Amino acid sequence: MDGTSLLPYLSVYQDATGKKSFKEVLKIFDQGGSEKITQNSLGYSKSAIWVRLRTENQTDKVVDWILEIDYALLDFVDLYSGRSSDSAINHSGDLREFGTRPIEHRNFAYPFSEQPGSKGEIYFRIASSSSILLPFLAFSKNEFIEHTFTEQLALGLYYGSMLIMVVYNLFLLFSTKDKSYLYYVIYILTYILFQFTLNGLSFQYLWRSSVLWANYSLPFSIFTVLLAACAFSRSFLNAPEYTPKTSKLYYLLFALSFGGMVSTLFVWEYRTAIMSSLVLMFFTLGFLISNGVQCLLAGRREAKYFLFAWSSFLFFSFLFGLKSFGILPNNFFTLWGIQVGSVMEVSLLSLGLADRIKGLSDQLKQRVEELGKIRSDAEESEAKYRSLFEVEEDFLFSLDQNWNILAANRSVSKHIGFKPGEVIGKNFMELIYKAGELQDAYKKLYVLEKLEELASEGKPVRFLGEFLQKYLREPKELQVQFQILEYEGQREILGRAYEPDQDLMSRYVDDEKTVYSANNYLQNAELLSQRMTANLYRFVDPSTITAMRNCLREMIINAIEHGNLNISFEEKTRAMSDGNYFRFVQERQKDPYYKSKKVKVEYSLSRDRIGVRITDEGKGFNHARLQKSSMEKLNSEGIAHGRGLTLTLATFDLVKFNSTGNQVTLVKYF
């Protein structure tokens, strides 16, 4: 006998109560209460299954033989021999320790010895929360030893080949750093554990005494395999890129698989766990194949290996299932269908990953060629850019987001005397001229306002700025333009400074009249003073224009501070001494009594003169007394303000206040 099926010789009785004794069952068998079965699968049943096998030795020799139940997942298997005793001679099953088995084997194997001419009866009581299969096989003693050896050799080759794929893909993982290989290695390892458990080898070699875990390890390993398979498939197919909408279902499968793992350990009974795992398995396999088809149609060439791999696995697993239900006979492909299918699957998937490497290599080669051309073009473009950058007459420079100078051309020497290396690394505000007086703060506010406007709106800005000259230590007025450049994800500010170049219309302006109404922000003094002196270059020299602009700025500031905001000379002196002058001004600007007041500026330009009238809404001041204060007195007392009127009297030809003192008229003749 070499694996002879005992199915035709079995009589089966199902005890729905599960409580009948052996003596009671014997009576039922004797009264014909049993039945013959045509297939070895009884499905899921809560009944206790009683199986009877009658034996007769018609030879004149002793026959030693082995009965093997070729299914390792039965919870309780009790063996009764003969009718003399009501007690079982062996209690085994995967809910009992492995050492209770009479033969050290992954399946249930029982030795029997039949005397010449003897007759006998063998009874089994089987109860299990998993599906009940009755693949009873008979072996002669020597044939069983040979069968076990062949079986162990085949299983060793199978698990060895699977572990070789693990090692092979681990090497590829370390060399490529591709996370798909990590998911693949995890998937193979979890599948090995699943097969090891399904074959009964985990119980035999890993947890012989842990009967509770041995029972629940199968559904747990199924959920684990499904989780790893989904993670690998999502990465292998690059599903988020090729099927972005469908790929969201992977997260649902992740959640269901992980939830099943946790529930198997802490919530569900075995039957619920195994049924849930099988339902999720069929749903997952269907989804993976459909997603593979979608990715193949979307242009993912590795998807063909994916589909071949899973199709092979399902085909051979189907053959194994037909064999298990007794529909197909035993042969190599039906007996080892799951193993053959899984080996083909991992081999094909490995080929797919190898083809992926080839594809990436081809893409990399193409990218290298493209990058080489781009680099050549970039070097040529950079050479042209640097040539233009260096020969440009204007002072060109670039800034980072903190306004620090990153690069500067040689024209900086022509304009303000510094070498490029001396300004690189400096903050742009360090190049702005400082006279050591309060007006420096107004200039700084004005420049910072322009920089903030550039940062917030992103549009180019232009303004006039006074730069520090290295050797003369005097201010030099330059027109400044900023714009933002973005390239390769980086952002820089390109600056240009050059001699003031008035627009063409200013050459033809003979007469101009404008009225401005401004609020009480100090920056407005700089804006208005620059605007009113913008068209004077055809009438007076640049140094006179700078002096006039400073005077106009001072007079507008006086109208804001001493007029609309009602800040006295002493209050300003005290606030500046305490270092909180600008905070003091801001508080006055927010005061409801002062915030709505305006400064009115009337501007008139003709061929022979410029006239400006500045009017505030304040109470006025004693201008006659203030005009008697001399510059020497301010200097001797160390007061850092109050010089605006003195400078204005020295610059303009006519300086006239109204009787109230809240309006001043300035005239400069050409």
Side-chain angles (χ1 to χ4, degrees), residues 18 22 44-46 48-49 51 66-81 87-112 123-137 144-145 147-149 151-156 158-160 162-163 189-225 228 260-278 338-339:
F22 179 54
Y44 290 89
S45 175
K46 294 183 179 180
I49 308 300
V51 180
I66 309 294
L67 187 153
E68 178 187 354
I69 304 176
D70 190 19
Y71 183 61
L73 303 177
L74 298 173
D75 293 345
F76 300 101
V77 181
D78 299 328
L79 170 63
Y80 297 81
S81 181
S87 301
I89 62 174
N90 179 261
H91 300 279
S92 56
D94 64 3
L95 277 181
R96 291 168 176 148
E97 292 187 8
F98 191 84
T100 59
R101 302 187 182 191
I103 295 179
E104 187 90 359
H105 193 270
R106 64 185 185 89
N107 291 326
F108 303 99
Y110 303 90
F112 295 96
Y123 291 88
F124 286 95
R125 181 186 184 276
I126 298 172
S128 184
S129 55
S130 63
S131 61
I132 296 178
L133 299 180
L134 303 176
F136 280 54
L137 306 176
F144 180 76
I145 295 174
H147 161 73
T148 302
F149 175 77
E151 182 182 73
Q152 293 284 10
L153 180 62
L155 289 173
Y158 167 69
Y159 289 112
M162 296 290 279
L163 289 174
L189 289 174
T190 56
Y191 188 81
I192 289 175
L193 179 62
F194 159 70
Q195 277 292 333
F196 215 58
T197 303
L198 183 65
N199 295 148
L201 295 171
S202 295
F203 193 31
Q204 181 179 359
Y205 294 111
L206 299 181
W207 39 76
R208 297 168 63 91
S209 301
S210 303
V211 293
L212 187 61
W213 168 243
N215 192 50
Y216 282 92
S217 59
L218 181 64
F220 181 85
S221 63
I222 294 176
F223 284 120
T224 306
V225 170
M261 293 167 61
V262 175
S263 299
T264 297
L265 296 178
F266 302 107
V267 180
W268 289 334
E269 61 177 12
Y270 177 84
R271 181 166 296 177
T272 303
I274 196 68
M275 291 296 293
S276 299
S277 66
L278 293 177
I338 292 181
Q339 287 79 6

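Here the structure is a predicted model, which is why all the values come from computation and not from measurement.
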Under the criterion side chain to side chain contact (heavy atoms under 4.5 Å, CB included), I'd like the reasoning laid out for Phe108 against Leu79: C-alpha separation, chi angles, the key distance, then a yes or no.
CA-CA 11 Å; Phe108 303 99; Leu79 170 63; over 6 Å; no
Could you go through Asn107 and Ile69, starting from their C-alpha distance and side-chain angles, then the distance that decides it, and tell me whether this counts as side chain to side chain contact (heavy atoms under 4.5 Å, CB included)?
CA-CA 6 Å; Asn107 291 326; Ile69 304 176; 5.9 Å; no
How about Leu198 and Leu73: do any of their side-chain heavy atoms sit closer than 4.5 Å?
yes
Hey, does the side chain of Arg96 reach the backbone of Arg101 with a donor-acceptor pair shorter than 3.5 angstrom?
no
Min side-chain heavy-atom separation Leu134-Phe124 under 4.5 Å:
no
Verify, without hydrogens or angle tests, whether Thr100 (side chain) and His91 (backbone) share a donor-acceptor contact under 3.5 angstrom.
yes
Quick check: do Leu265 and Trp213 have side-chain heavy atoms less than 4.5 Å from each other?
yes
Using the ring of each side chain (for Trp, its six-membered ring), is His105 parallel, tilted or perpendicular to His147, with breaks at 30° and 60°?
parallel
Taking the six-membered ring for Trp, are the ring centroids of Tyr216 and Trp268 within less than 6.0 Å of each other?
no
Kindly indicate whether the side chain of Tyr110, heavy atoms from C-beta on, has any atom under 4.5 Å from the side chain of Ser92.
yes
Atom pair CD (Glu151) and CZ (Arg106), whose distance is rounded to the nearest 0.5 Å:
3.5 Å
If you round to the nearest 0.5 Å, how far is CD1 of Ile103 from OG1 of Thr148?
8.0 Å
Can you find a heavy atom in the side chain of Pro102 that is under 4.5 Å from one in the side chain of Pro111?
yes
Under the rule for ring-ring contact (aromatic ring centres under 6.0 Å, His included), what residues qualify as partners of Tyr191, not counting sequence neighbours?
Phe194, Phe313
Which distance, rounded to the nearest 0.5 Å, do you find between the CD1 of Ile132 and the OH of Tyr44?
10.5 Å
Evaluate the side-chain proximity of Phe203 to Val211: yes if any heavy-atom separation is below 4.5 Å, no if none is.
yes
Between Tyr158 and Asn199, is any side-chain donor less than 3.5 angstrom from a side-chain acceptor?
no
I need the minimum non-hydrogen distance between Ser221 and Leu218, along with the two atoms involved.
OG-O, 2.7 Å
Hey, does the side chain of Asp75 reach the backbone of Ser129 with a donor-acceptor pair shorter than 3.5 angstrom?
yes
Go through the steps to decide whether Tyr159 and Gln195 satisfy the test side chain to side chain contact (heavy atoms under 4.5 Å, CB included), and finish with yes or no.
CA-CA 9 Å; Tyr159 289 112; Gln195 277 292 333; 3.6 Å; yes
When rounded to the nearest 0.5 angstrom, what is the spacing between OG1 in Thr190 and CZ in Phe220?
10.5 Å
Going by heavy atoms in the side chains, are Ile222 and Thr264 under 4.5 Å from each other?
no
Heavy-atom donor-acceptor pair, Ser277 side chain to Ile274 backbone, under 3.5 Å:
yes
Could you name each residue pair satisfying side-chain hydrogen bond (donor to acceptor under 3.5 Å, both in side chains) that touches residues 200-211, not counting sequence neighbours?
Glu104-Arg208, Thr197-Ser202
Side chain of Tyr270, backbone of Ser128: donor and acceptor closer than 3.5 Å?
no
Heavy-atom closest contact (Ala214 atom, Ser217 atom, distance)
O-OG, 3.0 Å
Non-hydrogen atoms of Arg125 and Ala48 that approach each other most closely:
NH2-CB, 3.5 Å
Once ring-ring contact (aromatic ring centres under 6.0 Å, His included) is applied, do any residues pair with Tyr71, and if so which ones, sequence neighbours excluded?
none
Please test Phe136 against Val51 for side chain to side chain contact (heavy atoms under 4.5 Å, CB included), starting from the C-alpha separation and ending with a verdict.
CA-CA 10 Å; Phe136 280 54; Val51 180; 4.3 Å; yes
